[in-house]
Number of protein chains: 2
Amino acid sequence: MNITFNNRDPVYLQVVKYFKEEIATGKLASGQEIPSRRELAGLLQINPNTAQRAYKEMEEQKLITTEGNSPSRITTDGRILNSIREELIQEAVEVFVQSIKKIELPTDELLRFVKEKYESERARG
Amino acid sequence: MNITFNNRDPVYLQVVKYFKEEIATGKLASGQEIPSRRELAGLLQINPNTAQRAYKEMEEQKLITTEGNSPSRITTDGRILNSIREELIQEAVEVFVQSIKKIELPTDELLRFVKEKYESERARG
DNA sequence: TGAAGTGTACTATACACTTCATACACTTAG
DNA sequence: CTAAGTGTATGAAGTGTATAGTACACTTCA
């Protein structure tokens with residue numbers, strides 16, 4: 001569990017995004033068990049209610065499923081699993097373009113900035 | 001005054017960003033007068049205190065200056081004016097890269113997504 | 001059977017932040 | 001001088017999030 005919270009966004013949404021990223025990168029697989037609410041709360045040092053809220057959000061988005069009181073699992077719905085990666089990318093690109101478009105920067109210049117920053121960031125990570 | 005507010009970010013910060021964009025694109029020039037707090041509030045349909053807070057924020061960032069109760073003006077400090085554009089770009093790129101880096105997308109693929117979205121957006125605007 | 005763990009739900013509280021309402025001192029135009 | 005407009009300051013109100021505590025039905029397992 002390698003996750004650091006920022007103060008800007010709600011914790012439960014950051015948890016949701018974390019799980020989406022884990023799925024998108026294959027670190028969490030179809031049908032895989034995930035920690036219980038209380039266990040996750042302990043791992044991340046957050047309140048159990050916050051963990052519950054994150055899981056509830058993921059249930060509604062059909063990322064995970066829960067039957068009775070069995071441990072929750074990553075969904076086995078292939079369409080959803082495949083769409084998560086695409087969704088994360090499109091969402092990030094959308095937000096970025098909206099935030100930058102008023103500057104009226106030439107396309108090649110913009111791409112150069114992105115390429116530079118992205119590669120320097122990947123070199124570290 | 002062409003500005004639409006979202007519900008996610010504080011209004012006063014959206015106002016600040018709006019002014020920065022106007023400066024970065026040359027629509028607001030060095031030393032130019034800007035509306036009074038109450039006048040801006042009327043134009044944007046916001047509370048005068050919210051306008052005040054936006055102006056206060058811009059004062060602190062030295063984007064605008066106010067002497068006595070004369071109308072506030074865009075700063076004439078060339079270094080600041082030149083840095084605003086760069087700042088907006090770098091900030092947007094930084095946020096974008098941070099939000100996307102965990103997906104581990106090949107660089108060329110990422111650039112293709114950005115290029116596509118950016119150009120389709122500029123075609124409309 | 002009984003204890004522990006599970007998901008779920010509810011209320012109450014605290015805190016940070018934004019926005020709103022009001023007031024005050026000052027300057028300027030009529 | 002008076003009235004309107006200006007910038008500024010202060011406290012109240014509203015909103016959303018996180019936390020705390022409790023409760024209940026259910027399953028699992030010793």
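The chains referred to below are lettered A, B, ... by the order of the sequence lines, with proteins before strands, and numbering in each begins at 1.
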Going 5' to 3' through nucleotides 3-11 of chain C and flagging B where a protein heavy-atom sits under 4.0 Å of the base, S where only the sugar-phosphate is that close, and - otherwise, we get --BBBB-B-
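- By the salt bridge (Lys or Arg N to Asp or Glu O under 4.0 Å) test, B:Glu33 pairs with B:Arg73, sequence neighbours left out.
- Listed by residue number, there are no residues of residues 9-17 of chain A with a heavy-atom contact under 4.0 Å to DNA chain C.
- Base engagement by B:Arg53 is indicated by at least one non-hydrogen atom pair under 4.0 Å involving a base atom.
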Could you list the donor-acceptor pairs under 3.5 angstrom formed by side chains in residues 42-52 of chain B, with sequence neighbours left out?
from, atom 1, to, atom 2, distance (Å)
B:Asn47, OD1, B:Asn49, N, 2.9
B:Gln52, OE1, B:Arg37, NE, 3.0

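- B:Phe5 places its CZ atom 14 Å from the P atom of C:dT18, with the value rounded to the nearest Å.
- The pair B:Glu59-B:Lys62 fails the salt-bridge criterion, with no side-chain N (NZ, NE, NH1 or NH2) lying under 4.0 Å from an Asp/Glu carboxylate O.
- With sequence neighbours left out, A:Ala92 forms a side-chain contact (heavy atoms from CB on, under 4.5 Å) with B:Phe96, B:Ser99, B:Ile100.
- A close approach under 4.0 Å does not occur between any side-chain nitrogen or oxygen of A:Thr50 and OP1 or OP2 of D:dT17.
- Judged as a ring-ring contact (aromatic ring centres under 6.0 Å, His included), and not counting sequence neighbours, B:Tyr12 has no contacts.
- Atom-to-atom, CD of B:Glu57 to C1' of C:dT18 comes out at 13 Å; the value is rounded to the nearest Å.
- Pairs engaging residues 103-115 of chain A under the side-chain hydrogen bond (donor to acceptor under 3.5 Å, both in side chains) rule: A:Lys115-A:Glu119 [sequence neighbours left out].
- Shown here for A:Leu81 and A:Ser30, the closest heavy-atom pair between the two residues is CD1-CB, 3.6 Å.
- The nearest whole Å value for the distance from the CG atom in B:Asn47 to the C1' atom in D:dT8 is 14 Å.
- With sequence neighbours left out, B:Lys56 forms a salt bridge (Lys or Arg N to Asp or Glu O under 4.0 Å) with no residue at all.
- For the salt bridge (Lys or Arg N to Asp or Glu O under 4.0 Å) test, residues two or more places apart in sequence or in another chain that qualify with A:Glu21 are B:Lys102.
- Separating the CD1 atom of B:Ile46 from the P atom of C:dT18 is a distance of 14 Å, rounded to the nearest angstrom.
- In DNA chain D, runs of at least 3 consecutive Watson-Crick or G-U pairs, each pair with both distances below 3.5 Å, span C:1-30 with D:1-30.
- Qualifying salt bridge (Lys or Arg N to Asp or Glu O under 4.0 Å) partners for B:Glu94, counting only residues two or more places apart in sequence or in other chains: A:Lys117.
- Residues meeting the side-chain contact (heavy atoms from CB on, under 4.5 Å) test with B:Asn82, sequence neighbours left out: none.
- When the C1' atom of D:dA18 is taken as reference, atom CG of A:Leu44 falls 14 Å away, rounded to whole Å.
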